[in-house]
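Only heavy atoms go into these numbers, but all of them, side chains included; no hydrogens, no water, no symmetry mates. Nothing fancy with the numbering, it's 1 onward along the sequence.
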Amino acid sequence: MVTLLLDRTRLEVELSPLERAVSFRRDNLHIARESIVKVQLTDDAWTWLRGVGSPGTHVPLVLAAGTWKSANGDDFVLIRRHKPSVVIDLEGAEFQRLVLTTRHGLALAQALRLDATSELAEVTDIAATGAIPVVEPAGKPRRKRKPAIRPA
């Protein structure tokens, strides 16, 4: 999963060597903080895909990585299976939207509301030091058992 680094001026999406290879990118993504319009959390990032991958890698419901071109603009996508993801809408940047699988989407949304330091730091560290509490997701909810119906 990608590593998200944030400071006062920019968001950096740090890609591993494997992520760079499948997305056909040579370097990390650098997004100016003022170009971030909206951050949304999603459990199913596949519904956010639009257009066609070019260049990129696409294995349906397993992996989507790279640039996705559509009539609305270019999106950068890095989705793995059905894991929690974040959708970042941008304005005036290289991409119109980022769709990234990351378990730190909530921390990113909270860190963007806070004043970050001038040094790059992981979003989980920024969110943990701020006034907004980070809530860890609970485990799977338990089902209530239905009472057995006994014949009279």
Side-chain angles (χ1 to χ4, degrees), residues 1-140:
M1 291 192 192
V2 298
T3 302
L4 302 172
L5 304 172
L6 183 70
D7 68 3
R8 283 189 185 151
T9 60
R10 68 180 174 162
L11 169 68
E12 183 174 340
V13 180
E14 191 174 277
L15 304 172
S16 70
L18 179 62
E19 291 167 339
R20 288 181 190 183
V22 296
S23 64
F24 294 90
R25 282 205 59 97
R26 292 185 180 177
D27 54 353
N28 295 332
L29 291 165
H30 301 278
I31 308 298
R33 194 168 174 168
E34 61 267 1
S35 67
I36 298 173
V37 176
K38 184 170 38 172
V39 176
Q40 301 173 72
L41 304 177
T42 182
D43 288 332
D44 188 10
W46 295 98
T47 60
W48 290 89
L49 285 181
R50 60 184 181 183
V52 294
S54 175
T57 304
H58 183 222
V59 179
L61 301 177
V62 176
L63 175 72
T67 302
W68 286 71
K69 297 180 184 258
S70 71
N72 297 330
D74 294 350
D75 298 345
F76 182 79
V77 174
L78 189 53
I79 303 171
R80 293 184 184 174
R81 302 206 181 264
H82 288 285
K83 296 185 179 183
S85 302
V86 64
V87 179
I88 305 170
D89 290 331
L90 306 170
E91 196 171 276
E94 178 183 0
F95 297 103
Q96 188 177 17
R97 187 187 321 176
L98 305 177
V99 184
L100 307 169
T101 297
T102 180
R103 63 179 152 256
H104 304 300
L106 180 61
L108 172 65
Q110 292 173 340
L112 285 170
R113 286 197 234 158
L114 301 171
D115 289 331
T117 62
S118 59
E119 298 176 5
L120 283 173
E122 283 199 47
V123 295
T124 53
D125 296 338
I126 295 170
T129 60
I132 302 170
V134 176
V135 179
E136 292 295 325
K140 290 185 176 180

How many angstroms lie between [atom1] in [X] and [atom2] in [Y], if you round to the nearest 0.5 Å?
X      : Y     : atom1 : atom2 : answer
Lys69  : Asp75 : NZ    : CG    : 11.0 Å
Ile88  : Leu4  : CD1   : CG    : 6.5 Å
Leu29  : Leu5  : CG    : CG    : 11.5 Å
Arg8   : Glu34 : CZ    : CD    : 14.0 Å
Glu91  : Ile36 : CD    : CD1   : 12.0 Å
Thr101 : Arg80 : OG1   : CZ    : 7.5 Å

[X] vs [Y] side-chain heavy atoms within contact, under 4.5 Å:
X     : Y     : answer
Gln96 : Leu90 : no
Ile31 : Glu94 : no
Arg97 : Trp68 : no
Leu98 : Val87 : no
Pro55 : Thr67 : yes

Tell me, with the steps shown, if His82 and Asp43 meet side-chain contact (heavy atoms from CB on, under 4.5 Å). CA-CA 7 Å; His82 288 285; Asp43 288 332; over 6 Å; no
What pair of heavy atoms forms the shortest contact from [X] to [Y], and how long is it?
X      : Y     : answer
Leu15  : Glu19 : CA-OE1, 3.4 Å
Asn72  : Arg50 : ND2-NH1, 3.5 Å
Leu108 : Val39 : CD2-CG1, 4.4 Å
Gly51  : Ser70 : CA-CB, 3.8 Å
Ser85  : Ala45 : OG-CB, 3.4 Å
Trp48  : Gln40 : CH2-OE1, 3.4 Å

Where does the angle between the aromatic ring planes of Phe95 and Phe76 fall among parallel (under 30°), tilted (30 to 60°) and perpendicular (over 60°)? tilted
Check whether more than 12 heavy atoms from other residues, nucleotides or ligands sit under 6.0 Å from atom CZ of Arg103, and answer yes or no. no
List the steps, then state whether side-chain contact (heavy atoms from CB on, under 4.5 Å) holds for Ile79 with Leu63. CA-CA 6 Å; Ile79 303 171; Leu63 175 72; over 6 Å; no
Residue of the set Val2, Val99, Leu100 for which side-chain contact (heavy atoms from CB on, under 4.5 Å) holds with Val86: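 By the side-chain contact (heavy atoms from CB on, under 4.5 Å) criterion, Val86 pairs with just one of Val2, Val99, Leu100: Leu100.
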For Arg20 and Asn28, what are the C-alpha separation, side-chain angles and deciding distance, and is it a side-chain contact (heavy atoms from CB on, under 4.5 Å)? CA-CA 8 Å; Arg20 288 181 190 183; Asn28 295 332; 2.8 Å; yes
Stepwise side-chain contact (heavy atoms from CB on, under 4.5 Å) check, Leu6 with Arg33: CA-CA 8 Å; Leu6 183 70; Arg33 194 168 174 168; 4.2 Å; yes
Can you tell me if Asp44 and Thr42 form a side-chain donor-acceptor pair at under 3.5 Å?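 No - no donor-acceptor pair under 3.5 Å links their side chains.
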